[in-house]
Amino acid sequence: MHAYRTHHCAQLRKDSVGQNVRLSGWVYRKRDFGNLLFIDLRDHYGISQIVVEKDSAAFPLAESLRSESVIRVDGKVNARADDAINPNLITGEIEVRATAIELLSEAADLPLPVFGNAEYPEEIRLRNRFLDLRREKLHANIVLRSNVIASLRRRMIDQGFTEFQTPILTASSPEGARDFLVPSRIHPGKFYALPQAPQMFKQLLMVAGFDRYFQIAPCFRDEDARADRSPGEFYQLDFEMSFVTQEDVFAAIEPVLYGVFEEFSGERDVTTPPFPRIAYKDSMLKYGNDKPDLRNPIEISDVTEIFRGGGFAVFAKAIEDGSVVRAIPAPGAGVRARSFFDGTNQWAKDEGFAGLGYINFKGGEGGGGIAKNLGPERVAQIVKQMGLGPDDGVFFSCGKPLEAAKLAGLARTRVGVELDLIEKNTFKFCWIVDFPMYEFDEVEQKVIFSHNPFSMPQGEMEALMTMNPLDILAYQYDIVCNGIELSSGAIRNHKPEIMYKAFELAGYDRSLVDEKFRGMINAFKFGAPPHGGSAPGVDRIVMLLADEPNIREVILFPMNQKAEDLMMGAPSEVSAKQLRELGIKFTNDGPKPQ
RNA sequence: GGGGUCGUAGCUCAAUUGGUUAGAGCACCGGACUGUCGAUCCGGAGGUUGCGGGUUCGACCCCCGUCGACCUCGCCA
């Protein structure tokens with residue numbers, strides 16, 4: 001007989017009755033009747049019930065067992081009596097009558113119970129992650145993650161992509177997020193950087209003629225955490241393709257994403273390809289951001305012209321100063337109590353905005369200060385333009401275009417949630433396309449890249465030469481699912497001359513581009529194919545599929561919000577010897593080892 | 001760095017809003033029990049109410065400071 005097991009804990013069925021078997025696992029739950037006791041024995045695969053009777057040699061040990069100890073059980077498979085069958089257990093028709101039990105590893109008092117699905121403080125969970133990972137939900141999430149990654153890989157390979165590994169120790173990049181730096185021992189004073197993304201490498205792979213590359217790529221960025229953004233590191237399904245247009249990229253990845261979501265979504269619906277394409281400009285107007293949650297049916301309207309020169313002086317005056325008015329419909333909310341509207345206004349103020357005006361319609365009659373001051377004619381125009389019903393409400397966000405859009409977007413989400421309008425059990429995908437190539441930085445008072453400097457501007461060189469930079473669009477796109485940005489991608493700029501010109505418009509001269517992007521720009525001088533790609537975030541895909549609002553629920557060993565690994569004790573101090581080898585010395589101004 | 005929420009037993013939460021010995025469930029220890037699957041029943045142990053100061057006859061509760069966790073803004077080409 002095998003040293004530890006003949007079967008795993010989800011394997012035995014009625015047809016095994018009578019067999020002598022050996023199982024190993026953790027004591028999940030024990031029910032002790034004095035002269036008879038039950039143990040739910042758990043392993044990765046499932047649970048089997050062990051019965052130990054008074055006359056069994058294993059009884060004294062079984063009585064003393066504590067939860068989460070690891071044991072090996074020898075016994076005989078028994079059919080359960082009809083009234084003792086547990087339909088919630090795969091193995092519920094049988095049980096194993098123990099003849100011998102060996103304690104393989106004893107568990108101390110648990111800081112965190114494995115049984116049950118109560119919630120526990122993040123800190124305790126992270127400190128005892130190995131216990132937390134035994135728990136049903138987290139264990140299942142991690143298995144889901146593995147299955148999703150396996151499926152992504154299989155689907156990419158089926159689409160003709162080839163997986164390559166790109167370097168982890170690489171060069172710091174001048175733009176983008178903060179780098180994680182690794183000091184060089186051989187070159188004191190110099191540093192490697194961990195890749196924020198394998199961006200340049202994947203483009204070089206295209207130049208090298210590999211045509212279709214992908215990688216489940218670890219990416220490192222030294223930025224602060226959020227619920228959907230773990231600090232430090234994350235994984236992307238990074239891919240790149242040669243000789244493609246934007247539509248070719250969409251056509252290649254849509255079936256992969258659709259396939260994976262369809263495979264793991266259970267009862268939930270998934271947008272069928274082709275996913276809707278929404279221009280950045282339209283998304284900002286209709287949804288108030290560039291990552292719309294299309295489960296929310298509310299669409300924002302621009303009603304600036306209706307308020308221009310109207311009787312509601314606050315807005316009319318703001319419009320003269322360059323503000324716009326965006327209207328957010330609240331279907332059926334007109335008959336709600338005044339507190340609904342005032343509460344929403346207060347919420348907007350708490351968020352740091354000037355406020356959120358409203359009209360509440362009751363039987364077609366508009367109520368509130370704005371309706372009164374604006375007059376029935378203009379109110380009727382709003383109703384007509386927005387197609388409002390007789391008992392709808394409508395909120396108004398007034399401000400400079402970006403500010404107004406932002407508040408309108410937040411209000412759209414809030415109203416959608418408050419009125420319970422968000423469609424459930426569905427994954428709604430869309431592409432956001434036609435991002436602007438540049439934007440104006442109010443603080444620095446200069447033109448900057450709004451997204452990715454390596455994107456090809458629409459209209460290429462001619463656009464760069466002739467257009468106002470702020471009007472130039474890029475072949476730059478995001479894929480969004482349920483309001484979560486899964487990835488951004490682009491058709492890349494593969495022509496050195498256009499690259500120099502694009503950087504010039506953002507204030508970088510030729511020598512700086514040569515210096516910072518030497519590897520890539522040099523390669524483009526020796527025959528580069530037109531190419532493009534994207535990089536959907538793996539962690540976020542799993543979050544969506546696992547229906548988890550927090551990214552730590554789908555990561556094996558996540559760090560806390562302060563970027564610490566409480567279990568391993570990272571980051572940690574290093575020895576004086578290590579520092580000496582690296583030529584690193586702390587000064588009084590800098591951080592000191594404590 | 002700013003804002004918000006929170007911090008009471010190993011864990012999840014109470015404590016009639018400033019009142020006398022800070023309670024309950026889970027976990028732990030002991031006892032009873034032969035069909036449970038959140039077993040049940042009886043008993044026990046377990047607390048500097050995050051920490052420091054203040055107000056008060058009296059503070060888990062109010063005030064000030066501080067530490068920590070999470071959420072969020074900044075940041076994330």
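Note on naming: letters A, B, ... go to the chains in the order of the sequence lines (proteins, then strands), and numbering restarts at 1 for each one.
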Quick one: is [X] getting a side-chain N or O under 4.0 Å of the [N] phosphate, OP1 or OP2?
{"X": "A:Gln49", "N": "B:rU36", "answer": "no"}
{"X": "A:Arg31", "N": "B:rG38", "answer": "no"}
{"X": "A:Lys54", "N": "B:rU34", "answer": "no"}
{"X": "A:Asn128", "N": "B:rG10", "answer": "no"}

In Watson-Crick or G-U wobble terms, both distances under 3.5 Å, what is the partner of [N]?
{"N": "B:rU34", "answer": "none"}
{"N": "B:rC26", "answer": "B:rG10"}
{"N": "B:rG1", "answer": "B:rC73"}

Rounded to the Å, how far apart are [X] [atom1] and [N] [atom2]?
{"X": "A:Asp132", "N": "B:rG10", "atom1": "CG", "atom2": "P", "answer": "20 Å"}
{"X": "A:Asp32", "N": "B:rA27", "atom1": "CG", "atom2": "C1'", "answer": "16 Å"}
{"X": "A:Asn78", "N": "B:rG35", "atom1": "CG", "atom2": "P", "answer": "16 Å"}
{"X": "A:Ile551", "N": "B:rC71", "atom1": "CD1", "atom2": "C1'", "answer": "15 Å"}
{"X": "A:Arg29", "N": "B:rU40", "atom1": "CZ", "atom2": "C1'", "answer": "13 Å"}
{"X": "A:Leu89", "N": "B:rG38", "atom1": "CG", "atom2": "P", "answer": "10 Å"}
{"X": "A:Trp347", "N": "B:rU72", "atom1": "CH2", "atom2": "P", "answer": "15 Å"}
{"X": "A:Lys562", "N": "B:rA69", "atom1": "NZ", "atom2": "P", "answer": "4 Å"}

Contact nearer the 5' end of RNA chain B, comparing A:Ser450 with A:Ser67: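 The residue mapped nearer the 5' terminus is A:Ser67.
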Position toward the 5' end of RNA chain B (nearest nucleotide), A:Met559 or A:Tyr120: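 Checking each residue's closest nucleotide, the 5'-ward one belongs to A:Tyr120.
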Roughly how many Å apart are [M] and [N], using the [atom1] atom of each and rounding to a whole number?
{"N": "B:rC33", "M": "B:rC42", "atom1": "P", "result": "16 Å"}
{"N": "B:rC28", "M": "B:rG46", "atom1": "C1'", "result": "9 Å"}
{"N": "B:rA9", "M": "B:rC13", "atom1": "C1'", "result": "11 Å"}
{"N": "B:rU12", "M": "B:rG2", "atom1": "P", "result": "28 Å"}
{"N": "B:rA14", "M": "B:rG25", "atom1": "P", "result": "16 Å"}
{"N": "B:rU8", "M": "B:rG4", "atom1": "C1'", "result": "22 Å"}
{"N": "B:rG47", "M": "B:rA15", "atom1": "C1'", "result": "14 Å"}
{"N": "B:rC75", "M": "B:rG65", "atom1": "C1'", "result": "30 Å"}

Sugar-phosphate only, base, or nothing, as touched by [X] at under 4.0 Å among non-hydrogen atoms:
{"X": "A:Glu122", "answer": "sugar-phosphate"}
{"X": "A:Ala84", "answer": "base"}
{"X": "A:Gln476", "answer": "nothing"}
{"X": "A:Asn86", "answer": "base"}
{"X": "A:Arg127", "answer": "nothing"}
{"X": "A:Asn560", "answer": "sugar-phosphate"}
{"X": "A:Phe38", "answer": "base"}
{"X": "A:Pro113", "answer": "nothing"}
{"X": "A:Ile124", "answer": "sugar-phosphate"}
{"X": "A:Arg66", "answer": "sugar-phosphate"}
{"X": "A:Asp83", "answer": "nothing"}

Taking the minimum atom-to-atom distance to the side chain of [X], which one of [options] wins?
{"X": "A:Glu95", "options": "B:rG35, B:rC70, B:rC33", "answer": "B:rG35"}
{"X": "A:Asn550", "options": "B:rC70, B:rU12, B:rC76", "answer": "B:rC70"}
{"X": "A:Leu36", "options": "B:rU34, B:rG1, B:rG38", "answer": "B:rU34"}

A:Arg414 side-chain N/O to A:Thr344 backbone N/O, donor-acceptor pair under 3.5 Å: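 Checked: no pair found.
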Going by modelled atom types, is there a donor-acceptor pair between the base of [N] and the side chain of [X] at under 3.5 Å?
{"X": "A:Arg125", "N": "B:rC11", "value": "no"}
{"X": "A:Arg229", "N": "B:rC76", "value": "yes"}
{"X": "A:Glu123", "N": "B:rG7", "value": "no"}
{"X": "A:Arg80", "N": "B:rC37", "value": "yes"}

Spacing of A:Arg5 atom CZ and A:Arg72 atom CZ [to the nearest 0.5 Å]: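 A:Arg5 atom CZ to A:Arg72 atom CZ measures 13.0 Å (nearest 0.5 Å).
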Between SG on residue A:Cys481 and CE on residue A:Met543, distance to nearest 0.5 Å: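 Separation between the atoms: 11.5 Å.
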Distance-only donor-acceptor check, side chains A:Tyr287 and A:Asp293, under 3.5 Å: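 The answer is no; no qualifying pair exists.
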Short side-chain donor-acceptor distance under 3.5 Å, A:Asn452 and A:Gln476: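 Checked: A:Gln476/A:Asn452 side chains show no N/O donor-acceptor pair below 3.5 Å.
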Aromatic plane relationship, A:Tyr45 with A:His8 - under 30° parallel, 30 to 60° tilted, over 60° perpendicular: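 Parallel.
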Heavy-atom side-chain proximity of A:Pro218 to A:Glu233 below 4.5 angstrom: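 Not touching, per the 4.5 Å side-chain cut-off.
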Carboxylate-amine/guanidinium proximity below 4.0 Å for A:Arg125 and A:Glu553: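 Yes, this pair counts.
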A:Arg129 NZ/CZ over A:Phe557 ring centroid, <6.0 Å and within 45° of normal: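 So A:Arg129 doesn't make the cation-pi contact.
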Assigned glycosidic conformation for B:rU8 [threshold 90° from 0]: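 B:rU8: anti glycosidic orientation.
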